[in-house]
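For the single chain, residues carry numbers from 1 onward in sequence order. Note that ligands are numbered from 1 as they come in the structure, with each ligand's atoms numbered from 1 the same way.
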Amino acid sequence: MSEIKICCPKCKWEPDGGEYWQCDCGHIWDTFKTIARCPKCHKQHEYTSCVPAAGGCPSSSPHLDWYEGLDQIIEDLKEEVLESQEVFI
Ligand SMILES: [Zn+2]
Ligand SMILES: [Zn+2]
């Protein structure tokens, strides 16, 4: 199974576990601990901004784009499914 690496799709900045993200409700937390869901008001954030203050860039990207290796895992799963289907044919 492939490893998932979390980094900014634009500048490759990697979150360092700090609480840099603020929700509309005012709560500040580490968005990668909850897959972009605010732990206080439970809002699901579609976009995640990079953190210039911690060495990142000022752009914002879809949250799932931050997970590098996700496409590879989906490809691996597809292959596994295809392989298991071949067994039954
Ligand atoms: Zn919130
Ligand atoms: Zn960035």
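Partner of Pro52 under the side chain to side chain contact (heavy atoms under 4.5 Å, CB included) criterion, chosen from Ser59, Cys57, Pro58, Cys11: Pro58.
Gln44 CD: more than 12 foreign heavy atoms inside a 6.0 Å radius. Within a 6.0 Å radius of CD1 in Ile35, no more than 12 heavy atoms belonging to other residues, nucleotides or ligands are found.
Around the Zn ion (ligand 1), the two atoms SG of Cys23 and SG of Cys41 are separated by an angle of 110°, to 10 degrees. Geometry at the Zn ion (ligand 2): SG/Cys57 and SG/Cys11 form an angle of 110°, nearest 10 degrees. Computed with the Zn ion (ligand 1) at the centre, the Cys25 SG to Cys38 SG angle is 110°, stated to 10 degrees.
Residues Trp66 and His45 place their aromatic rings such that the two centres sit no closer than 6.0 Å.
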